[in-house]
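Reading through the structure tokens given below for one structure.
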Amino acid sequence: MINNSLDGLRILVLEDEMLIAMDVEDMCRQSGAEHVTIARSFDQATERQMDYDAAVIDVMIEGRPTFDFAHLLRQNGIPFVFATGHADDRQMFADFPGVPVVAKPYSGNAVVTALKTVLEPDGALTPRSSP
């Protein structure tokens, strides 16, 4: 086990490449996540009532940018990190200052570390209550 830094949390993984999504799911579970939902499309990601504690979202899904979905997560108070093969393009993320961008392919525990960063702004990691 990596550690329990995501202990008891519900994580959304918005990723259209199934092998990558399963890798992220495994990292999150090894870090204690209680539930990991993999969504391969916008429709799948929005089917549930935004009852996630945090999200890992690929920048491009089905050839479309995910920035509108990122704004929706922000409006619902759900912290998130971006995952992309375009991590060098900082201008792409100008509307999301402070949101971690994890470069693909992932190295080590980068995704969990980034999630921990957005989940612990005050040093305390607390699951959101379900609606």
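Starting from 1, each residue takes its place in the sequence as its number.
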Measuring from [X]:[atom1] to [Y]:[atom2], what's the distance to the nearest 0.5 Å?
{"X": "His71", "Y": "Thr66", "atom1": "NE2", "atom2": "OG1", "result": "10.0 Å"}
{"X": "Leu6", "Y": "His35", "atom1": "CG", "atom2": "NE2", "result": "14.0 Å"}
{"X": "Leu119", "Y": "Ser5", "atom1": "CG", "atom2": "OG", "result": "9.0 Å"}

Taking the side chain as C-beta and beyond, is there a heavy-atom pair between [X] and [Y] under 4.5 Å?
{"X": "Arg74", "Y": "Val99", "value": "yes"}
{"X": "Gln75", "Y": "Leu73", "value": "no"}
{"X": "Val81", "Y": "Val101", "value": "no"}
{"X": "Thr84", "Y": "Phe93", "value": "yes"}

With sequence neighbours excluded, residues passing side chain to side chain contact (heavy atoms under 4.5 Å, CB included) with Met92: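 With neighbours one apart ignored, the set is Val59, Phe67, His86, Asp89.
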
Tell me every residue that passes side chain to side chain contact (heavy atoms under 4.5 Å, CB included) with Ala70, counting only those two or more places apart in sequence or in another chain.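 Per chain and number, Ala70 pairs via side chain to side chain contact (heavy atoms under 4.5 Å, CB included) with Ile57, Phe80, Phe82, Phe96.
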
Asp51 and Arg10: side chain to side chain contact (heavy atoms under 4.5 Å, CB included), yes or no, with the steps? CA-CA 8 Å; Asp51 60 348; Arg10 297 159 298 169; 4.0 Å; yes

Nearest non-hydrogen partners of [X] and [Y], listed with the distance:
{"X": "Val102", "Y": "Ala110", "answer": "CG1-CB, 3.8 Å"}
{"X": "Pro100", "Y": "Val118", "answer": "CD-CG1, 3.3 Å"}
{"X": "Val56", "Y": "Ala83", "answer": "CG1-CB, 4.1 Å"}
{"X": "Cys28", "Y": "Val36", "answer": "CB-CG2, 3.8 Å"}
{"X": "Gly77", "Y": "Pro79", "answer": "O-CD, 3.4 Å"}
{"X": "Ile38", "Y": "Ala21", "answer": "CG2-CB, 3.6 Å"}

Should we say atom CE of Met60 is surrounded by more than 12 heavy atoms from elsewhere, each under 6.0 Å from it?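 Enclosed.
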
Verdict with supporting geometry, Thr46 and Leu72, side chain to side chain contact (heavy atoms under 4.5 Å, CB included): CA-CA 10 Å; Thr46 56; Leu72 182 63; 4.2 Å; yes

Can you sort out the partners of Phe42 under ring pair (Phe, Tyr, Trp, His ring centres under 6.0 Å), two or more places apart, ordered by chain and number?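 Partners of Phe42 under the ring pair (Phe, Tyr, Trp, His ring centres under 6.0 Å) test: none.
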
Can you give the donor-acceptor pairs under 3.5 Å from side chains of residues 11-19 to other protein atoms, not counting sequence neighbours?
residue : atom : partner : partner atom : Å
Glu15   : OE1  : Lys104  : NZ           : 2.7
Glu15   : OE2  : Glu17   : N            : 3.0
Glu15   : OE2  : Lys104  : NZ           : 3.4
Asp16   : OD2  : Glu62   : N            : 2.9

